[in-house]
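To start, the structure itself, in structure tokens.
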Amino acid sequence: MQPFTASVIDVIREIPFGKVCSYGDVADLAGNPRAARQVVRVLHTYGEAENLPWWRVVNSRGTLSMKPGCGYEEQRDRLEAEGIEFDAKGRINLHEYGWSDEEHHG
DNA sequence: CGTGTGACGCGGG
DNA sequence: CCCCGCGCCACAC
């Protein structure tokens, strides 16, 4: 496994229960703010094998990128099971549920 | 080494 | 705010 891939996996494992993190933020914390798409690739390749909490990764809009019938409902179900709420538009309040390493500094 | 991938992010209309 | 188009980048082949 490549170093960056390992870092991404590490970051995803750090996302706490009841919180979410955007693909871009995961990439940023892993060392490459421009490698958001890489996070997608890592989830595809190692999400299941590494038992990653893939459902805690959402897009920067606070919505789920997965489509209905293709994982959307499972992700939403898992997030709601952690107490995360969706509004009528299917969006998550990132100011309330978003997680970032920077929060540990203040 | 070149080409394709992919659950993205941002800017403009 | 929503929708569309383009750029982005590590990895697999």
Side-chain angles (χ1 to χ4, degrees):
Chain A
M1 180 189 302
Q2 302 302 113
F4 181 69
T5 296
S7 294
V8 170
I9 289 176
D10 216 34
V11 171
I12 294 176
R13 286 193 185 290
E14 290 180 49
I15 306 175
F17 182 98
K19 291 288 184 177
V20 297
C21 191
S22 72
Y23 298 88
D25 284 340
V26 171
D28 190 11
L29 294 173
N32 294 46
R34 301 299 183 187
R37 312 203 63 168
Q38 248 289 59
V39 177
V40 175
R41 202 150 178 72
V42 172
L43 288 174
H44 268 274
T45 308
Y46 303 98
E48 189 173 350
E50 296 291 334
N51 263 319
L52 301 179
W54 56 269
W55 57 92
R56 294 180 190 148
V57 185
V58 302
N59 60 43
S60 62
R61 299 292 188 192
T63 63
L64 306 186
S65 292
M66 304 190 79
K67 297 175 182 177
C70 202
Y72 175 86
E73 299 208 0
E74 183 180 353
Q75 181 171 18
R76 178 163 175 159
D77 197 53
R78 285 175 177 276
L79 289 175
E80 292 183 322
E82 298 193 0
I84 293 176
E85 299 173 5
F86 289 74
D87 65 12
K89 297 287 187 177
R91 289 174 302 196
I92 296 172
N93 184 338
L94 294 180
H95 293 294
E96 179 176 4
Y97 300 110
W99 174 78
S100 173
D101 211 23
E102 296 181 8
E103 293 183 6
H104 296 295
H105 300 295

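Residue numbering restarts at 1 for every chain, and letters A, B, ... go by the order of the sequence lines. Values reported hereafter were calculated over all heavy atoms of this structure, with side chains retained and with hydrogens, waters and symmetry mates removed.
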- Query: Do A/Asn93 and A/Asp87 touch side chain to side chain, with heavy atoms closer than 4.5 Å?
  - Reply: no

- Message: Going by side chain to side chain donor-acceptor pair (under 3.5 Å), name the residues that satisfy it together with A/Arg61, two or more places apart in sequence or in a different chain.
- Response: none

- A/Val57, A/Ile15, A/Ile9 screened by side chain to side chain contact (heavy atoms under 4.5 Å, CB included) with A/Leu52, the one that passes: A/Ile9

- Note on the structure: A/Glu73 meets the side chain to side chain donor-acceptor pair (under 3.5 Å) criterion, sequence neighbours left out, with none

- Starting at the 5' end of DNA chain C and moving along, which residue's nearest nucleotide shows up first, A/Ala35 or A/Thr45? A/Ala35

- Query: What is the per-nucleotide protein-contact pattern of nucleotides 3-13 of chain B, from the 5' end, where B denotes a base atom under 4.0 Å from a protein heavy atom, S denotes such proximity for sugar-phosphate atoms only, and - denotes neither?
  - Reply: -BBBBBSSB--

- Message: Please report the distance separating the P of B/dG11 from the corresponding atom of C/dC9, rounded so that it comes out in whole Å.
- Response: 15 Å

- Message: What's A/Thr5 touching, base or sugar-phosphate or nothing? Going by heavy atoms closer than 4.0 Å.
- Response: sugar-phosphate

- Would you call A/Arg78 and A/Glu74 a salt bridge, using N to O less than 4.0 angstrom? yes

- Atom CG of A/Asp28 to atom P of C/dC8: distance rounded to whole Å? 17 Å

- Message: Without decimals, in angstroms, what is the distance between A/Ile9 CD1 and C/dA10 C1'?
- Response: 13 Å

- Query: Does a side-chain heavy-atom distance below 4.5 Å link A/Met1 with A/Glu50?
  - Reply: yes

